Number of protein chains: 2
Amino acid sequence: MAEHDAARAERDFLAAYDPRAFAPIAVTVDIVALTLRAGRLDVLAVRRGEQPFAGRWALPGGFVRAGRESLDEAAARELAEETGLDAAALGRVHLEQLGSYGSPARDPRMHVVSVAYLAFAPGLPEARPGGDAAGAGWLPVEAIAEAIAAAEQPDTVRVRPPQQGRRSGTYGGGTGRRPLPGEQPGERPGDLPAGPGEQAAGQGPPGAGGLAFDHGRILADGLERARAKIEYTPLATAFLGETFTISELRAVYETVWGAPLHAGNFHRKVLSVHGFVEPTGETGSRPGSRGGPRARLYRAGRARLLHPALLRPDREAGPR
Amino acid sequence: MAEHDAARAERDFLAAYDPRAFAPIAVTVDIVALTLRAGRLDVLAVRRGEQPFAGRWALPGGFVRAGRESLDEAAARELAEETGLDAAALGRVHLEQLGSYGSPARDPRMHVVSVAYLAFAPGLPEARPGGDAAGAGWLPVEAIAEAIAAAEQPDTVRVRPPQQGRRSGTYGGGTGRRPLPGEQPGERPGDLPAGPGEQAAGQGPPGAGGLAFDHGRILADGLERARAKIEYTPLATAFLGETFTISELRAVYETVWGAPLHAGNFHRKVLSVHGFVEPTGETGSRPGSRGGPRARLYRAGRARLLHPALLRPDREAGPR
DNA sequence: TTAATAGTGTCTGTTAGACATTATAGG
DNA sequence: CCTATAATGTCTAACAGACACTATTAA
């Protein structure tokens, strides 16, 4: 290491002398912004106006302003620019780092390291349509499932035999709604608390038929993170407004997980996890209902972690 | 977004034309390499020979070679350089991305984005001592607990009231060993499946009394990730040799978590999780034992995920 | 009235954890 | 013999999930 450390210090010194003479690596942030609109999981995307991948959808993002902002700040800025949200509305958005992608081949022009972020937002307005650039909008996640599947092809992904996991159903099997037909269940081998890894970034046909660059993989990683995250944290509430009903919260889980949940068990479970939700004392009016009593309203509680967690149904166990 | 997208494409073009005229941000990888030596959790560190932070310990790392390697490859290369391991030995090491840190102030010389990696390794040999640089070595994690605590000070960390969580003990309370006196339990509010976030990176007294730069915070994030990771994955076996006894595996958990576990319950639990370990049919000779039957030997199983998980004791629930 | 929903109650199988017990080895 | 450990057994409380039931509203 010693020789290396010295060499590093040396290069550091040179870099400090003239940064532009060094480090021809660009740093960007890309955002996987998820929202629920009309019972569908949508991701924010922009249509590229320039080569490469001109005309293709891509995740919103941009360069980090060197010396002027942190990665978190860059991500928040890009998200604000892309959605047109003001600081107040942005305060309600959950934003967390997802992982970094830095294969030399992921951008054909130069070596670009992208730090990906994951955002959960309540139903947001239409994205700001493009001026002269091609445009922006919310895309149904299932509509680009093929892109995800394509990006999932390469090596690192272990193909799992279609054996049954041991946990057959969670709160599940009953009244379920919104089966999300297009969505293919469990595309990722569920490396849940792990970092995304970036072994296969830039591999395979880049964005074959789907998102530009390796954004298909980034989206897949973001979705898996989202699905895992709402198991252990109350962040599902970040997809909802200030107050919500238990049914609306259940719809979030069903949409993100792509699986129906048992209404009764879910209801009791949510209320039993302390700090997840707290009652407002009011009842909602629920437009678009097809009957039934008015549901009570809740708001997000103070817990940052759910104990016990709300585990997903169909998690595959090891061979049993 | 449109205007922004156009601007981005423009800059992309310029960057492609002359990369050196753009992006004065350096990209490095830093490694949190953990190993178990003599029942202690050690982290690989190098002593800096140059300013800033000359003479201080830092995480091993270095610049990503632009256009020539991915982030994963850079991390593996740096780890190999620092430990002197060959490719074969490195194959037994688990290496995963931890998160990226990019506050403009985290390095006083220029804007440096560091992509941190986390490594689990079985008892490794002494690190290669420095040539002319100050040196390298394995540091007991608890010895730099103060540095972690210092880096944990700033804003983002929520101070938790000392109330009791509801899960009072896991496999626990019994015969426990190695109480890790210096280790302060639960320094991180346990945002487990989250990315580390980097809000406070570079905040506070940089490396006050501890590691250089924001490496104290990176180490803290790595430790939390490690503690969470062995709950859901069989990666605790990455700290051990090819074969091991259940007791040795328990020692890994006790050391990483810093809490004693109940031997009997742990034993039964591990064997009940399918694909965690598989018996070799042999029994070990266990030098240094103080009596008792010879334990059976196991090797790591094929499962990549533990179901059900081995949850840590003392995880705090929401207010109960 | 019918259908759909909110919210509760009850039952069963599984699991975590406390605790006890037996067997095997070293000093 | 004494002590420490390996490995297994037993008991209890908690929990997940299945299922049933009531009450309330829209159409």
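Since we're looking at a predicted model, the values are computed, not measured. Here is how names work: the chains are called A, B, and so on, in the same order as the sequence lines, proteins then strands, and each is numbered from 1. Below, all heavy atoms of this structure are taken into account, side chains as well, without hydrogens, waters or symmetry copies.
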Give a yes/no answer on whether the side chain of [X] brings an N or O atom under 4.0 Å of OP1 or OP2 in [N].
| X | N | value |
| --- | --- | --- |
| A:S272 | D:dC15 | no |
| A:H267 | C:dG7 | yes |
| B:R250 | D:dA6 | yes |
| B:R296 | D:dT8 | yes |

What integer distance in Å separates [X]:[atom1] from [N]:[atom2]?
| X | N | atom1 | atom2 | result |
| --- | --- | --- | --- | --- |
| B:F266 | C:dT15 | CZ | C1' | 16 Å |
| B:E231 | C:dT15 | CD | C1' | 16 Å |
| B:R294 | C:dA25 | CZ | P | 6 Å |
| B:H307 | C:dT15 | NE2 | C1' | 15 Å |
| B:L310 | C:dT15 | CG | P | 13 Å |
| A:K269 | D:dA14 | NZ | C1' | 10 Å |
| A:L311 | D:dA14 | CG | P | 19 Å |

Discussion item. So, using salt bridge (Lys or Arg N to Asp or Glu O under 4.0 Å) as the criterion, who are the partners of B:E242 when residues are at least two apart?
Written reply: B:R92

Worksheet item: Is any side-chain N of the basic residue among B:E142 and B:R40 closer than 4.0 Å to the acidic one's carboxylate O?
Response: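 Salt bridge absent between B:E142 and B:R40.
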
Item to complete: Name all residues meeting the side chain to side chain donor-acceptor pair (under 3.5 Å) criterion together with B:R299; count only those two or more places apart in sequence or in a different chain, and write none if there are none.
Response: none

Worksheet item: What distance separates B:I246 CD1 from B:F266 CZ, expressed to the nearest 0.5 Å?
Response: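 So the CD1 of B:I246 and the CZ of B:F266 are separated by 7.0 Å.
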
Worksheet entry | Candidate nucleotides D:dA23, D:dC19, C:dG7, ranked by approach to the side chain of A:N265 - the nearest |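 Nearest listed nucleotide: D:dC19.
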
Item to complete: Looking only at side-chain atoms of B:P293, point me to the closest of C:dA23, D:dT24, D:dC15.
Response: C:dA23

Worksheet item: Less than 4.5 Å apart, any side-chain heavy atom of A:D42 and any of A:V141?
Response: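 A side-chain contact is absent here, since even the closest heavy-atom pair is not under 4.5 Å.
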
Worksheet item: Mapping B:L271 and A:R268 onto DNA chain D by nearest heavy atom, which one lands closer to the 5' end?
Response: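 Its nearest nucleotide being more 5', the pick is B:L271.
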
